[in-house]
Amino acid sequence: MESNYYDAIVVGSGISGGWAAKELTEKGLKVLMLERGRNIDHITGYENAHKEAWDYPHRGERTQEMVKNHPVLSRDFPLNEPTFGMWANEQESPYVEKKRFDWYRGYHVGGRSLLWGRQSYRLNPEDFMANAKEGIAVDWPIRYEDISPWYDYVERYAGISGNRDGLDVLPDGQYQPAILLNCVEKEVAARIKKAYKSSRHLISGRTANMTQPKPEQNRLNCQYRNKCWLGCPFGGYFSTQSCTLPAAVKTGNLTLRPFSIVKEILYDKDKKRATGVSVIDAETHEVYEFKSKIIFVNASTLNSAWLLMNSATDVWEGGLGSSSGELGHNVMDHHFKVGAQAEVEGFDDLYHYGRRPSGFYIPRFRNWGSDKRNYLRGFGYQGSASRQGWGQDVAEMGIGKNLKDTITEPGSWTIGMTAFGEMLPDHSNHVYLNHKKRDKWGLPVLEMNVEIKQNEINMRKDMLQDAVEIFESAGLKNVRGYESDYHPGMGIHEMGTARMGRDPKTSVLNSHNQVWDALNVFLTDGACMTSGSCVNPSLTYMALTARAAHFAVDELKKGNL
């Protein structure tokens, strides 16, 4: 018989939801974790983890039928045979684009923790103060010192590899040994350091791929297969399945319920507290109610906003947490698809081995220190160097012995990088419920009204020009800058919609990620971000979640919730 009462309910099982479940169960709470999609078991559920290109009917490529049925996914890399079925079905779960928004979702246990890029960086102290200094949006209600010990905590447990580089702009963390730069990247790093007198740096990417095993978690170190997006049978990278879910299950305090679409948070307007959630069974369409003392909302940025907007509408027309007028607003992403490529001479006697799951990173240097630009904030670059292999196209040697000889020799060394730039929070960038269009379960869908503004457009000029200049300063050949079409959402770093703040009149959440309008509801995924920085945000979600869970249990013990 299924219980309908728990100490805590966690909505969503991705990167932040997994952490919420781990922390709350380990502190003794009976926890129900609700996931709208199917279950994927660690190891046995990774159906394609050992497949090669030739094991797929279409060699891993997309088919015309896939393109026809998944027009949004087909806009970029997510649509392919190896990961087909891992991204949300847009026929069942549509949305409306007032302005183009590429929304790539993972509706299954583990969410996008099975699909993420794993780059793991801390926000720096300035990131938490920039809004206040520049008069942008609202001030973060916390500072770097508040979250730093929680960064320490999650880095150690998740297994983040990287170097301690001693850079103010990119704080060091608790790392396993880094995944090393290859020979060309090391040389280019040295040239950049010399050319810019140590004011710009090319460093090893900091990634949630382990370089040392964690036997206490039954996880091996990364095997350099570079098949992370297919699920890792070795547990070599951080995911809900490999890391936080086993810890929660081990306590005996977790109930995991897949195929459970949370349609609203139940709210008692007299007590000003949430009492539980209403859930639609995704398979049977039956409706259930589950009660709890506290609720952690971790459905991912836009779905978490959707859930709040669809809750307590008898009290607030805009939903639970909307009293400030900011719920659904201030949507951010990281804008990218601009950078440079080049060729590297002089390394024809050297090669690389293995398939690294990470590359290099060039931290932000614009609007830092004495540098001042015609825009606010900055950007960093992610990239790698490699040698072309047998797939090189040499038209003049396309037959017979010459062809055979050519394709057994490695080609030239190339290097490339793309910039990821900060997008300022802006009230006009928002999402809202569209009640005219419904999903498979009869629920209203989100409508997107988000675009990059002039600040980002100005920044993109530097993102392109600086990439070219850096490679040229390093003495590389045939340097080519590039910029392709970017639309919000493509970075898969959605943030905002339920920002943290100091005042309930201008923010949705307080400094402990509690919804001002219902203090027993915590929201710790990307929706809580008050600004976005330019670094990958998932590590920050982990740290904020662990911090909020610790606080929530303390408050429960004190009788405050």
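Q217 is listed as a side-chain neighbour of C243, based on a closest heavy-atom distance under 4.5 Å. Within the 4.5 Å cutoff, the side chain of H493 has no heavy atoms near those of the M423 side chain. With contacts defined as side-chain heavy-atom distances shorter than 4.5 Å, the pair R38/I40 qualifies. Proximity of Y104 to L115: side-chain heavy atoms (C-beta onward) are nowhere separated by under 4.5 Å. At least one side-chain heavy atom of M500 sits less than 4.5 Å from a side-chain heavy atom of N513. Within the 4.5 Å cutoff, the side chain of F101 has heavy atoms near those of the V331 side chain. The side-chain heavy atoms of I179 and P357, taken from C-beta on, include a pair separated by under 4.5 Å. In this structure the side chain of K263 reaches within 4.5 angstrom of the side chain of L443, judged on heavy atoms.
In this structure, D127 contributes its side chain and N124 its backbone to a donor-acceptor pair below 3.5 Å. Using modelled atom types, no side-chain atom of W229 and backbone atom of T83 make a donor-acceptor pair closer than 3.5 Å. Here the side chain of T418 pairs no donor or acceptor atom with the backbone of G339 at under 3.5 angstrom. With T25 contributing its side chain and N253 its backbone, the two residues share no donor-acceptor pair below 3.5 Å. Within the 3.5 Å criterion, the main-chain N or O of V169 finds no donor-acceptor partner in the side chain of E126. Looking at H334, its side chain does come within 3.5 Å of a backbone N or O of S533 through a donor-acceptor pair. S161 places no side-chain N or O within 3.5 Å of a backbone atom of A178 that could act as its donor or acceptor partner. One N or O on the side chain of D333 and one on the backbone of G491 form a donor-acceptor pair closer than 3.5 Å. Without hydrogens or angle criteria, D102 side chain to M490 main chain gives no donor-acceptor distance under 3.5 Å. Using a distance-only test at 3.5 Å, with no hydrogens or angles considered, a donor-acceptor pair links the side chain of H108 to the main chain of G111.
For the pair R257 and Y288, the cation-pi criterion (under 6.0 Å, within 45° of the ring axis) is fulfilled. Geometrically, K227 does not engage Y46 in a cation-pi contact, judged by NZ or CZ lying under 6.0 Å from the ring centre and within 45° of the ring axis. At least one test fails for R143 against the ring of W140: distance under 6.0 Å to the centre or angle within 45° of the axis.
Between F259 and the options R36, E35, E283, a side-chain contact (heavy atoms from CB on, under 4.5 Å) holds for only E283. Among the candidates F551, Y541, F522, the single residue satisfying the ring-ring contact (aromatic ring centres under 6.0 Å, His included) test with F296 is F522. Remark: of the listed residues T545, L24, I294, T524, L24 is the sole one forming a side-chain contact (heavy atoms from CB on, under 4.5 Å) with V10.
Here CZ of F360 is found 9.5 Å from CG of N182. Values are rounded to the nearest 0.5 Å. Taken from SG in C534 to OH in Y381, the straight-line distance is 11.0 Å, to the nearest 0.5 Å. Distance check: F77 CZ to L79 CG gives 11.0 Å after rounding to the nearest 0.5 Å. With rounding to the nearest 0.5 angstrom, the OG atom of S120 is 8.5 Å from the OH atom of Y175. Between atom NZ of residue K293 and atom CG of residue L29 there is a gap of 7.0 Å, rounded to the nearest 0.5 Å. Atoms CZ and CD, from R206 and Q176 in turn, are 14.5 Å apart once rounded to the nearest 0.5 Å.
Note on E155 versus R122: salt bridge recorded, some NZ/NE/NH1/NH2 to OD/OE distance being below 4.0 Å. Electrostatic pairing of E97 and R75 counts as a salt bridge here, judged by a charged N lying under 4.0 Å from a carboxylate O.
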Chi angles and distances behind the ring pair (Phe, Tyr, Trp, His ring centres under 6.0 Å) call for F379, F336: CA-CA 9 Å; F379 51 88; F336 72 126; over 10 Å; no
Intermediate values then yes/no, salt bridge (charged side-chain N to carboxylate O under 4.0 Å, His left out), D554 and K27: CA-CA 10 Å; D554 279 353; K27 294 180 188 305; over 6 Å; no
Intermediate values then yes/no, side-chain hydrogen bond (donor to acceptor under 3.5 Å, both in side chains), Q382 and N536: CA-CA 11 Å; Q382 297 180 29; N536 303 57; 2.8 Å; yes
Worked check of side chain to side chain contact (heavy atoms under 4.5 Å, CB included) between L523 and L308: CA-CA 10 Å; L523 195 161; L308 291 183; 3.7 Å; yes
Candidate pair Y361 and D165, rule side-chain hydrogen bond (donor to acceptor under 3.5 Å, both in side chains), full reasoning: CA-CA 12 Å; Y361 188 66; D165 299 292; over 6 Å; no
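Other residues, nucleotides and ligands contribute only 12 or fewer heavy atoms inside 6.0 Å of the CD atom of E47. Other residues, nucleotides and ligands place no more than 12 heavy atoms under 6.0 Å from the CD atom of E61. Enclosure of atom CZ in R355 is not indicated, since only 12 or fewer non-hydrogen atoms of other residues, nucleotides or ligands lie within 6.0 angstrom. Annotation: K250, atom NZ; neighbour count of heavy atoms from other residues, nucleotides and ligands within 6.0 Å does not exceed 12. In E65, the CD atom is not crowded: 12 or fewer heavy atoms of neighbouring residues, nucleotides or ligands sit closer than 6.0 Å.
In this structure, Y157 has its ring center under 6.0 Å from that of W19. H335 and F420 have their aromatic ring centers separated by at least 6.0 angstrom. You'll find the ring centres of W150 and H550 inside the 6.0 Å limit.
No hydrogens or angles considered: a donor-acceptor pair under 3.5 Å links the side chains of Y151 and T540. The closest side-chain donor-acceptor pair between D525 and S304 falls under 3.5 angstrom. Side-chain contact annotation: N209 with R118, donor-acceptor N/O pair under 3.5 Å present.
The side-chain hydrogen bond (donor to acceptor under 3.5 Å, both in side chains) check on H58 picks up E81, with sequence neighbours excluded. Here R112 pairs with E494 under the salt bridge (charged side-chain N to carboxylate O under 4.0 Å, His left out) rule; sequence neighbours left out. The side chain to side chain contact (heavy atoms under 4.5 Å, CB included) check on S292 picks up I9, I295, with sequence neighbours excluded.
Closest of all the heavy-atom pairs between E185 and L202 is O-CD2, 3.9 Å.
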